[in-house]
Student: 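One structure, pasted below without further comment.
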Amino acid sequence: MRRRAPGARRRRPSDREPVRMSRDLRATLFLPTTDFPMKADLPVREPRILERWQRLDLWARLREQARGRPKFVLHDGPPYANGHLHMGTALNKILKDVINRSRQMLGFDANYVPGWDCHGLPIEWQVEQDYRRKGRDKDAVPIVAFRAECRAYAEHWIGVQSAEFQRLGVAGDWQRPYTTMAFEAEAGIFRELAKFLLSGQLYRGKKSVMWSVVEKTALADAEVEYHDHTSTTIWVRFPIVASPIASLHGASVVIWTTTPWTIPGNRAVAYGERIAYRLIEVETVRDGSLARAGERLLLATERLAETADTAGILTFATLDELDGAALAGSVCRHPLAGLEGAYGFPVPLLPGSFVTTEQGTGLVHVAPSHGEDDFELGRKHGLEVPDTVADDGTYTAAAPGFTGLHVFKAAEPVIAALVERGALLARGTLVHSYPHSWRSKAPLIFRATDQWFIPMDGPSGLRAKALAAIEATRFVPAKGKNRLRGMIETRPDWCISRQRAWGVPIAVFVDKRTGEPLRDPEVCERIARAFEEEGADAWWTRDPQEFLGDRYRKEDFEKVDDILDVWFESGSTHAIVLERRADLAWPADLYLEGSDQHRGWFHSSLLESCGTRGRAPYDCVLTHGFVVDAKGEKMSKSKGNVISPLDLMKTHGADILRLWVVSADYSEDIRIGKEILEGLGESYRRLRNTLRYLLANLAGFRPEERLEPAAMPELERWVLHRLHELGRLVVECNESFDYVRLYGAILNFCTVDLSALYFDVRKDALYCDAADSPRRRAARTVLDILFDCLTAWLAPVLVFTAEEAWLARHPGEGESVHLRLFPELPESWRDPELAARWERIRAIRRVITGALEIERKEKRIGASLQAAPVVYLPRPEDRAALAGVDLAELAITSGIEIVAEPPPAGAFTLEDVPEVAVVPRLAAGSKCVRCWQILPEVASSPESLCRRCTAVVERHAARAGAA
RNA sequence: GGGCCCGUAGCUCAGCCGGUCAGAGCGCACCCCUGAUAAGGGUGAGGUCGGCCGUUCGAUUCGGCCCGGGCCCA
């Protein structure tokens, strides 16, 4: 029993008061009823809904229904067919799905064909691991057999991932996805390559790659292990023979290297443009030092002390100080110049962004055959890339004085030669991390090898075309444009060859006499046909003469055995999927991937398409950030902060995961963690309960109940206005791909406008009014509209829940919320004047609830129906605003008195609602046992009913009697 | 180490071109309801707008540096 508030003179109407009910009043009420459960139980319910969709073949129905509508093509960036889904792939596919479903419901034909990237090293590597476990030797297996195993491996993971994506609720053509290893895809990819070949955009050049002299093969980054290695280090003089700077004449630059064997391959020296250098003259040296008093040396100021110490230079004088940029145009002599009459070429000083002052001398010896940086710098400045080392690690004739020597045994001979020519300044040893082969564990070298390239700045002007295409493309968010542009501007020629097995071959013949690739459309066509028939294996299984036909003899040609870079393959998917399939279209409306794909798929697709078609394969590129943990740090096994979408599916359900996707700003990194998931659960429950309230109060709704908006109370018209606003937001936000804004607005609408206001206020009319009361009919009409709108708007995100709710009302066999369109809302619902007025009305309501809250705290009231406050509204326009509004109904009080006069002292006010004051007052009368309002009229009712309830109950009794 | 990007209440997000209180929802606290009930309503407390230094009459909003984080290179 609650204690009565001290000083309360009037006896509080109490709920505990025994009420004599002569009839079962509850039977006369329209209490909410529905089978739609409050508890979602998504992990159990979602799979059932999924099965139903499959039974219905919902996808086929969607396609059927959308036939002839304008197409919306989101071209799927193919995930790699290896391993289970992680949060990143889940985010990506869900975002795509939300967009596709939204476009479909906006009236487009949003066909979505998912794809997989199948070729490439990771799978090859896995299969090879398997071999090793079983003690088999990959090199002993025929390439075609090896490829078959790779194919089977990819096939397996496509099946796994497909099921996992579908479990996420992702809709798409899962029966006919695309894969890069399908025969027609392999043929199509080759056809794209042939376009580059035939248009002269393919050349063979040299590139420095990681090479194992033991296995005699190039290695990819993933096959490289880093171990400590002790290297002989040397400091070498390069005499300056020409320079715009007079003080440098007769001086030497000093370089430092950990690979003496690369000296014969030297072709330049790199400096840092922003590094400070100093020209010194050696004065005194330690005994045994290779430095000479009087000689002049150039090196980075920052490296001076340490180098002098190492070289045994005791004292020196500074002759000059200069910025790196000043070194441009200077030329040195090779330190081995004259050896066997060779090395006489000039060695230019070139600016290199990779030069640092952390180690060495701030001057880097550049051997284009033996390093990535070296190679790129050489390419940029047209340096020769000498073939100094053979595949077995021995020097070729291009390294005079050392030919035949193995590079791993070359340090001492090279040093001896340098000493002999007075070029060596100092030597030492260094233990450092050095690349080794994962197979043989032998140290690796960089070696110049033959590779195939697509030129960026050749006659076709690929770079310029790509840059122009970027300008013509919409980027969401806009910053993606700069990122991609920056990469295209500076990237080197595209090296598309790999010395691997699992991929599409660079099916090219090279003329043995000229070294030029054979450019013959007929030959290319014969190859493509063969690939279509039996896959790219044909390149290895068929007799080359079959491809060459009658006009060429295979003896005259070298058959290239390299395969294509997988980025060329995925970069070609726009051609092999969008152009080939009649149910799609080229170019794509949208490419959507993580921000790493600026370097990857966005990039390769752009180049491929610009090279073959002169424009981008997409009109719009959308990028999202990466999934990180609750603290914003990347997930990793070692940190133990990895969250799996598959686990979340079991604990929370796909709809929660999907809600997560639209609740976060995907343009930046997206966090996920326990607290975030709990928050999403709250949001989900709010949405679910909103749907449940609608369903429960729409029980037995018949179309005849409907009322025209014009005949509705203002409260209903205000809800319709809000719906119209949201309807516009749906279109707007889909246009801008702004789902946070949209779903934030919908959630707010459900919380603030519906739950806290409309639903709460209308419970009285819905439960207690007569079935045919205009007020109740209006409310039910609006609930029906709300249900239509909300289920549609939520359908792209809460694919399962929206379906469950829809079926709860429309249980037809073939029914699905996903077969609907977003409702078109009449312009007549828009009423800004009413909306503005209701802003004020809600502010007035806030003053009332605020005043009642104090009464509650003071224990003078409990339920708001116990009050009938006095509201002071001195402003005439405020009183006018309330003309057609029942303020007591709105505030859920049993009565209200509006007074035009200024309020008495002590009346309740709110700072931000001027000219509104409330004096709380208890409602007079007795409590109606049916609707719980406290009204004077109830006192005179023998049954303790208000007038409204009396009428309803009597009619109910009459009907019951008649029946 | 380089390029690009990010850092607003416990959480997720708003805050246009610099100048009236830095807002919303959720969570939290307290209260109420018990005919949306493992629901619902009300009220309230939470922010050095990452830090420092500048530009300015004035900066969360501009510039620089630092710290933390991410992607891509090296």
Side-chain angles (χ1 to χ4, degrees), chain A residues 2 15 25-26 29-34 36-39 353-358 372-373 376 477 479-480 482-487 489-491 594-600 603 623-634 659-660 662-665 667-686 688-697 740-741 743-745 747-752 755-757 759-761 763-764 766-768 845-846 848-859 861-866 891-892 911-912 930-932:
Chain A
R2 202 181 288 118
D15 328 313
L25 281 177
R26 291 182 65 104
L29 288 163
F30 299 102
L31 294 181
T33 164
T34 177
F36 185 78
M38 183 175 282
K39 190 173 186 305
S353 56
F354 51 85
V355 181
T356 70
T357 54
E358 277 168 27
E372 292 257 36
D373 287 336
E376 291 309 332
K479 62 192 178 194
N482 293 331
R483 189 163 173 184
L484 187 55
R485 189 200 293 120
M487 288 175 180
E489 274 169 350
T490 56
R491 69 152 299 144
S595 61
D596 55 335
Q597 298 304 327
H598 286 104
R599 171 67 61 187
H603 192 117
T623 50
H624 60 251
F626 273 65
V627 182
V628 292
D629 74 4
K631 291 186 218 139
E633 292 179 18
K634 82 193 283 181
L659 199 55
W660 166 70
V662 294
S663 77
D665 177 359
S667 70
E668 290 168 29
D669 290 337
I670 304 181
R671 299 178 185 218
I672 193 157
K674 190 167 173 285
E675 192 180 0
I676 292 167
L677 284 164
E678 280 166 7
L680 290 165
E682 294 295 333
S683 302
Y684 175 82
R685 252 165 275 158
R686 169 66 76 187
R688 185 175 179 90
N689 271 319
T690 300
L691 295 173
R692 185 164 184 272
Y693 179 97
L694 293 171
L695 284 165
N697 285 290
V740 219
R741 179 152 165 253
Y743 288 97
L747 184 62
N748 255 30
F749 174 69
C750 289
T751 302
V752 179
S755 192
L757 183 70
F759 288 177
D760 208 26
V761 167
K763 280 194 280 194
D764 175 72
L766 288 165
Y767 300 174
C768 304
R845 184 181 189 264
R846 261 178 34 235
I848 299 171
T849 54
L852 294 188
E853 188 60 19
I854 292 172
E855 298 307 292
R856 234 188 306 269
K857 275 266 171 15
E858 298 296 328
K859 304 296 181 194
I861 63 166
S864 55
L865 279 177
Q866 290 168 346
I892 317 185
E911 225 180 315
D912 59 331
R930 185 168 176 274
C931 71
W932 299 347

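All figures in this text were calculated on a predicted structure; none of them were measured in a lab. Lettering of chains follows the sequences in order, A, B, ..., and the numbering in each one begins at 1. Because only heavy atoms are used, hydrogens play no part in the values below, and waters and symmetry mates are left out as well, while side chains stay in.
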Student: Where the side chain of A/His598 meets the backbone of A/Arg483, is there a donor-acceptor pair that is under 3.5 Å apart?
Tutor: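 Absent.
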Student: Side chains of A/Ser755 and A/Arg686 only: does a donor on one sit below 3.5 Å from an acceptor on the other?
Tutor: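 Side-chain D/A pair, A/Ser755 to A/Arg686: present.
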Student: Indicate for each nucleotide in nucleotides 38-48 of chain B, in 5' to 3' sequence, whether protein heavy atoms under 4.0 Å reach the base (B), only the sugar-phosphate (S), or nothing (-).
Tutor: SSSSBS-----
Student: On a whole-Å scale, what distance lies between the C1' atoms belonging to B/rU60 and B/rC6?
Tutor: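 Pairwise C1' distance, B/rU60 against B/rC6, rounds to 15 Å.
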Student: B/rA24 P sits how many Å from A/Leu747 CG, rounded?
Tutor: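 Rounded to the whole Å, the gap is 15 Å.
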Student: Just checking A/Ser663: base, sugar-phosphate only, or nothing, at a heavy-atom cut-off of under 4.0 Å?
Tutor: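 Touches sugar-phosphate only.
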Student: For a stem of at least 3 consecutive Watson-Crick or G-U pairs with distances under 3.5 Å, i pairing with j, i+1 with j-1 and so on, which stems involve RNA chain B?
Tutor: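 Runs of three or more consecutive pairs: B:1-7 with B:67-73, B:10-13 with B:23-26, B:28-32 with B:40-44, B:50-54 with B:62-66.
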Student: Counting any heavy atom closer than 4.0 Å, what does A/Trp660 reach on the DNA or RNA strands: base, sugar-phosphate only, or nothing?
Tutor: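 Here A/Trp660 touches no strand at all.
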Student: Sugar-phosphate atoms are those with a prime plus P, OP1 and OP2; base atoms are the rest. Using that split, label each nucleotide of nucleotides 2-10 of chain B B, S or - for protein heavy atoms under 4.0 Å, 5' to 3'.
Tutor: -B-SS---B
Student: Side-chain contact, heavy-atom cut-off 4.5 Å: A/Val752 with A/Leu757?
Tutor: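 A/Val752 does not reach A/Leu757 side chain to side chain.
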Student: I'd like the P distance from B/rA38 over to B/rG68, given in whole Å.
Tutor: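 It comes out at 49 Å once rounded to the nearest Å.
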Student: Give the rounded distance in Å between these two atoms: CG of A/Asp764 and P of B/rC33.
Tutor: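 Rounded to whole Å, this separation is 18 Å.
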Student: Between A/Arg685 (side chain) and A/Leu680 (backbone), is there a donor-acceptor pair under 3.5 Å?
Tutor: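 Checked: no pair found.
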Student: Would the distance check show the side chain of A/Tyr743 and the main-chain N or O of A/Ser663 forming a donor-acceptor pair, the cut-off being under 3.5 Å?
Tutor: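 Side chain of A/Tyr743 to backbone of A/Ser663: no pair is present.
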Student: Touch check for A/Thr356, heavy atoms < 4.0 angstrom, all strands: base, sugar-phosphate only, or nothing?
Tutor: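 Counting heavy atoms under 4.0 Å across all strands, no contact is made by A/Thr356.
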Student: Considering only B/rU12, B/rC26, B/rA36, which nucleotide approaches the side chain of A/Ile676 most closely?
Tutor: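 Nearest to the side chain of A/Ile676 among the choices is B/rU12.
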Student: Looking at the side chain of A/Asp665, which of B/rA14, B/rU12, B/rC73 is the nearest nucleotide?
Tutor: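 So the nucleotide nearest the side chain must be B/rA14.
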Student: For the ring pair A/Tyr767 and A/Phe30, is the centre-to-centre distance below 6.0 Å?
Tutor: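 No - the distance between ring centres of A/Tyr767 and A/Phe30 does not fall below the 6.0 Å cut-off.
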Student: Expressed in whole Å, how much space separates the P atoms belonging to B/rG51 and B/rU61?
Tutor: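 Result for the P pair: 10 Å, nearest Å.
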Student: Can you measure A/Asp669 atom CG to B/rU12 atom P for me and round it to whole angstrom units?
Tutor: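 One finds 12 Å between P of B/rU12 and CG of A/Asp669, rounded.
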Student: Just checking A/Phe354: base, sugar-phosphate only, or nothing, at a heavy-atom cut-off of under 4.0 Å?
Tutor: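 A/Phe354: no heavy atom of the nucleic acid under 4.0 Å.
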Student: By nearest heavy atom, map A/Ser683 and A/Arg741 onto RNA chain B; which one lands nearer the 5' end?
Tutor: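 Counting from the 5' end, the first nearest nucleotide belongs to A/Arg741.
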Student: Looking only at side-chain N and O atoms, does A/Lys634 come under 4.0 Å of OP1 or OP2 in B/rC71?
Tutor: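 Affirmative; the distance criterion is met.
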Student: Could you check B/rG51 for me: syn (within 90° of 0) or anti?
Tutor: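 Base orientation relative to the sugar is anti.
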Student: Rounded to whole angstroms, how far apart are NZ on A/Lys631 and P on B/rG50?
Tutor: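 That distance rounds to 21 Å.
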Student: Please state how far atom CG in A/Asp596 lies from atom C1' in B/rC72, giving the value in whole angstrom units.
Tutor: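 After rounding, the gap between these two atoms is 8 Å.
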Student: Using the test salt bridge (charged side-chain N to carboxylate O under 4.0 Å, His left out), find all partners of A/Arg846 that sit at least two apart in sequence or belong to another chain.
Tutor: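 Scan of A/Arg846 (salt bridge (charged side-chain N to carboxylate O under 4.0 Å, His left out), adjacent residues dropped) gives A/Asp912.
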Student: Can you name the salt bridge (charged side-chain N to carboxylate O under 4.0 Å, His left out) partners of A/Arg930, sequence neighbours left out?
Tutor: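 By the salt bridge (charged side-chain N to carboxylate O under 4.0 Å, His left out) rule, A/Arg930 matches no residue at all.
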Student: For atom P, what is the distance between B/rG27 and B/rC71, given to the nearest Å?
Tutor: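 After rounding to an integer number of Å, I get 32 Å for this pair.
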Student: Go through B/rU12, B/rG25, B/rC33 for me and flag the one nearest to the A/Arg671 side chain.
Tutor: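 Ranking B/rU12, B/rG25, B/rC33 by closest atom to the A/Arg671 side chain puts B/rU12 first.
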Student: Treating A/Ser864 as the side-chain partner and A/Ile892 as the backbone partner, does any N or O pair qualify as donor plus acceptor under 3.5 Å?
Tutor: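 Yes, A/Ser864 side chain to A/Ile892 backbone: donor-acceptor pair under 3.5 Å.
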Student: Among residues at least two apart in sequence or on other chains, which ones pass salt bridge (charged side-chain N to carboxylate O under 4.0 Å, His left out) with A/Lys674?
Tutor: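 Salt bridge (charged side-chain N to carboxylate O under 4.0 Å, His left out) check on A/Lys674 returns A/Glu678.
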Student: Which value, in whole Å, describes the distance between the P atoms of nucleotides B/rG41 and B/rG35?
Tutor: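 Taking atom P in both B/rG41 and B/rG35, they lie 16 Å apart.
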Student: Could you tell me how far apart A/Asp629 (CG) and B/rG68 (C1') are, to the nearest whole angstrom?
Tutor: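 Between C1' of B/rG68 and CG of A/Asp629: 13 Å.
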Student: Remember a base hit wins even if backbone is also touched, and classify A/Gly744 as base, sugar-phosphate or nothing at under 4.0 Å, heavy atoms.
Tutor: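 Touches nothing.
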Student: For B/rA36, does OP1 or OP2 lie under 4.0 Å from any side-chain N or O of A/Tyr767?
Tutor: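 Checking A/Tyr767 against B/rA36: at least one side-chain N or O falls below 4.0 Å of OP1 or OP2.
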Student: Would you classify A/Arg688 as touching base, sugar-phosphate or nothing, given that sugar-phosphate means primed atoms plus P, OP1 and OP2, and contacts are heavy atoms under 4.0 Å?
Tutor: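 Nothing, no nucleic acid heavy atom in range.
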Student: Taking the C1' atom of each, how far is B/rA45 from B/rA9, in whole Å?
Tutor: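 The same atom, C1', in both gives a distance of 11 Å.
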Student: Checking side-chain polar atoms at under 3.5 Å, does A/Arg485 have a donor or acceptor matched by the opposite partner on A/Asn482?
Tutor: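 Result is yes, a qualifying pair exists.
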Student: Considering heavy-atom distances to RNA chain B, does A/Ile670 or A/Phe626 have its closest nucleotide positioned more toward the 5' end?
Tutor: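 The residue whose closest nucleotide sits nearer the 5' end is A/Ile670.
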Student: Verify, without hydrogens or angle tests, whether A/Asp629 (side chain) and A/Gly632 (backbone) share a donor-acceptor contact under 3.5 angstrom.
Tutor: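 Yes, A/Asp629 side chain to A/Gly632 backbone: donor-acceptor pair under 3.5 Å.
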Student: B/rG19 and B/rC11: how far apart are their P atoms, nearest whole angstrom?
Tutor: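 Going atom to atom, P in each nucleotide, I get 27 Å.
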Student: Would you confirm whether A/Arg856, through its side chain, and A/Ile861, through its main-chain N or O, come within 3.5 Å as a donor-acceptor pair?
Tutor: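 Not confirmed, A/Arg856 side chain does not pair with A/Ile861 backbone.
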Student: For A/Asn697, report the nucleic acid contact type (base, sugar-phosphate, nothing); a contact means any heavy atom under 4.0 Å.
Tutor: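 No contact.
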Student: Using a cut-off of 4.0 Å on non-hydrogen atoms, how would the nucleic acid contact of A/Leu29 be classed: base, sugar-phosphate, or nothing?
Tutor: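 If one applies the 4.0 Å heavy-atom cut-off, A/Leu29 turns out to touch a base.
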Student: Would you mind reading off the distance between A/His598 atom NE2 and B/rG70 atom P, rounded to a whole angstrom?
Tutor: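 Roughly 19 Å, once rounded to whole Å.
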Student: What integer number of Å spans the C1' atoms of B/rC52 and B/rG7?
Tutor: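 Pairwise C1' distance, B/rC52 against B/rG7, rounds to 16 Å.
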Student: Is the charged tip of A/Arg688 near the ring of A/Tyr693: under 6.0 Å from the six-membered ring centre and within 45° of its axis?
Tutor: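 Cation-pi check for A/Arg688 and A/Tyr693: fails.
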Student: Could you measure the distance from the CH2 atom of A/Trp932 to the NZ atom of A/Lys763? Nearest 0.5 Å is fine.
Tutor: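 Spacing of CH2 (A/Trp932) from NZ (A/Lys763) equals 9.5 Å.
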Student: Could you give the CD1-to-C1' distance, from A/Ile892 to B/rU34, as a whole number of Å?
Tutor: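 Going from CD1 in A/Ile892 over to C1' in B/rU34 covers 14 Å.
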Student: Students often get this wrong, so: under 4.0 angstrom with heavy atoms, is A/Ala664 touching a base, only sugar-phosphate, or nothing?
Tutor: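 Sugar-phosphate, backbone atoms only, no base.
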